[in-house]
Amino acid sequence: MLTIRNLHVSVEGRGILKGLTLEVRPGEVHALMGPNGAGKSTLAAVLAGREGYEVTEGEILFEGQNLLELSPEERSHAGIFLAFQYPVEIPGVSMIQFLRAALNAHRAAKGLDPLDTAELMALLKEKAALLKLDPAFLSRSVNEGFSGGERKRAEIFQMAVLGPKLCILDETDSGLDIDALKVVSEAVNALRSPARSFLIITHYYRILQHIRPDVVHILADGRIVRSGGAELAVELEEKGYEPLLAAV
Amino acid sequence: MMASPVETTLLSIEAGAQHLMEILRGQASAAGLPPKLRAEWQALAQRADLLSLFTEQRLKEDWKYTPVEFFRRQWVLGQLREAMADFPVVGSWPFAQQVPPSEDLPALRSLPKPTSPWEVLLASAPAHAHYVVHKQERVLLQPAVAEGLVPLFVTVSVAPHAEAEVWLLPSVQGFLLLRLHIDVGTGGRVRFFYPTDIGEGHLYGIFTAEVAQEARIETYDMTVSALWKRSEMKVRLAGPGAAAYLHGASRIPSRHCVDQAIRIEHAAPHTESNQLFKSLVYAEGRSAFQGRIYVHREGQKTNAYQSHKALLWERSAVAYSRPQLEIFADDVRCTHGVTTGFVQGHMLEYLRVRGMPEAQARQLLAGAFLAEVLGKVPYSALTDELYRRMGFAWD
């Protein structure tokens, strides 16, 4: 599904990713861990097409298509979803308006007619229930006045509504209390399917106790320095990064 | 909308002002005013220095941010016609009765002295109407100007504890010069709706209100389009507990100008005012906002807030904001806030990452910017119509 080869990325002239290579197959859950500044969020941003990141070398293929040639909205239409580490407030736009516009943009890109209001509301309510969100939340402006935990749940809610193929969760677990983490994890697990893949960026083992990854990668200094199964996350939790990185 | 058919020779500003004055003076009958007021205002209209006041006012603080190109046009006097408004007028209130002028009419007793030559000349305009609201009624003003310059003067008296709605629905292809004064009696309630969608028309409205004890006025000055629109709103909170809530949302397309000059006077204790204005300015459009809160010595325990926010669509869009506070009482709470900026890149990016093309994302953000004000309009049918006309209908 996703193939990244020898990816080099700079931000304001400073190299962040320095030859990252990664393969994610359909249905797989990959966890990406690493110390602060390793380049985890940079990778997420580059995949989503955010501005300010310069790809200086390498390639990214998504279902065989050159991702770097696509605009952010085209990547979204292709099936890439980024759950932001810091979701943006948009005062004056309700969640309903926002998701209606986003969903219909996806449908337009596929040559489909817009959803009618009844279909839209049924879909939103179904997915809100998955995240245990009060339906009144749909009338609130996007992320405005939301707590940190609410914002993260709202991101996963959007993901459930848009139904992407590749879900990138950029530190979704940070800012979540134990109960909210459980709700979010259950929702992610409910969305797992043979056709949908996940790239979970995290600092902590705790989310991986709820969402069991197929592969765990350690990213350091812009490169994946070690990959393994779920047991690698356990090892990290016990020993920390230093001994593992020293052994590389 | 058709361009004004009266546009002919461009005069100098001085010659244009002289021309305007001749038109207005030529029509001065003061027939709509009671005798005492008529004599007073006719004398003012004959002042020799009116021309200098006209030509100098562009340099005055409350005029210097708006281009005064309309002075330079050669206008002819047009005709005022009532027209069917195409904005929805919601609800089924009965309409207020128009009454003959009288010295006893509260709206005429409380009419403030003119502060500009426009007001002097307007007060003696022949199209002068008085309305009285006794219980719960609506004043519907639908002036239609097909061409030329048309002056209109309206006063509204709202009886104590009565409830009024004033709807001003102009249809203008020339230049409408409007003076409206509302007197709100003790405990009265007034809502003033002023949705404007006049394309290339010119509109200059001078609105004043005298608000008595425990009375309140709400205004909704919404602009979809107007080549040149200036709204002067002067509200005097004259009695204890009086309140004014002013709202404005302006969509200002390319080359258009919307200029708002607000003055709220707190002349009694325990009065409250809130101004919430937003301007969405497209390329080469111009917004001017000058809001003054004036607290008299008697205005102890005043609570006043003023906010103007401008969103500039392109670098060539222009917005001037001048919040002003003048306070002569020592126990008050007066605050103001002004922001001017461009569409925020991180919001745009968030929407695009969710799949919205850039143009659609920008449109959504533009609508969201004005939503804070449009959402305050108490009639959803009017809100929806404004969204639709502004191009922000999402359903």
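Labels below follow one simple rule: chain letters A, B, ... track the order of the sequence lines, proteins then strands, and each chain is numbered from 1.
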What part of [X] lies closer than 4.5 angstrom to a heavy atom of chain B: side chain, backbone, both or neither?
X: R50(A); result: both
X: E74(A); result: neither
X: P87(A); result: both
X: A83(A); result: backbone
X: N143(A); result: side chain

Nearest heavy atoms of [X] and [Y], plus distance in Å:
X: G92(A); Y: A371(B); result: O-CB, 3.8 Å
X: H106(A); Y: G355(B); result: NE2-CA, 3.9 Å
X: P91(A); Y: A368(B); result: O-CB, 3.4 Å

Subject >> Atom OH of Y86(A): over 12 foreign heavy atoms under 6.0 Å >> reply: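 No, OH of Y86(A) has 12 or fewer neighbouring heavy atoms, counting only those of other groups under 6.0 Å.
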
**OP:** For L351(B) and I90(A), run side chain to side chain contact (heavy atoms under 4.5 Å, CB included): C-alpha distance rounded to whole Å, both residues' side-chain angles, the deciding distance at 0.1 Å, then the answer.
**Re:** CA-CA 9 Å; L351(B) 298 177; I90(A) 308 186; 3.5 Å; yes

Original post:
Looking only at atom types and distance, does a side-chain atom of E51(A) sit under 3.5 Å from a main-chain N or O of E349(B), one as donor and one as acceptor?
Top reply: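 Checking the backbone N and O of E349(B) against the side chain of E51(A), no donor-acceptor pair under 3.5 Å is found.
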
Hey, could you give me the [atom1]/[atom2] distance between [X] and [Y], rounded to the nearest 0.5 Å?
X: Y350(B); Y: E155(A); atom1: OH; atom2: CD; answer: 3.5 Å
X: R354(B); Y: H77(A); atom1: CZ; atom2: NE2; answer: 12.0 Å
X: M347(B); Y: E89(A); atom1: CE; atom2: CD; answer: 7.5 Å

**OP:** Would you please go through residues 274-288 of chain B and name the residues with a non-hydrogen atom below 4.5 Å from one of chain A, in numerical order?
**Re:**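 Those residues of residues 274-288 of chain B which would need a heavy atom under 4.5 Å from chain A do not exist here.
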
Original post:
For chain B, which of A48(A), A101(A), P114(A) has the most heavy-atom pairs under 4.5 Å?
Top reply: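 Most heavy-atom pairs within the cutoff with chain B belong to A101(A).
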
**OP:** Determine the option with the most heavy-atom pairs under 4.5 angstrom with chain A, choosing from Q344(B), M356(B), H346(B), E372(B).
**Re:**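 With the most close heavy-atom pairs to chain A, the winner is M356(B).
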
**OP:** Name the option with the most non-hydrogen atom pairs under 4.5 Å to chain A; the candidates are P357(B), G375(B), A361(B).
**Re:**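 Highest number of pairs under 4.5 Å: P357(B).
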
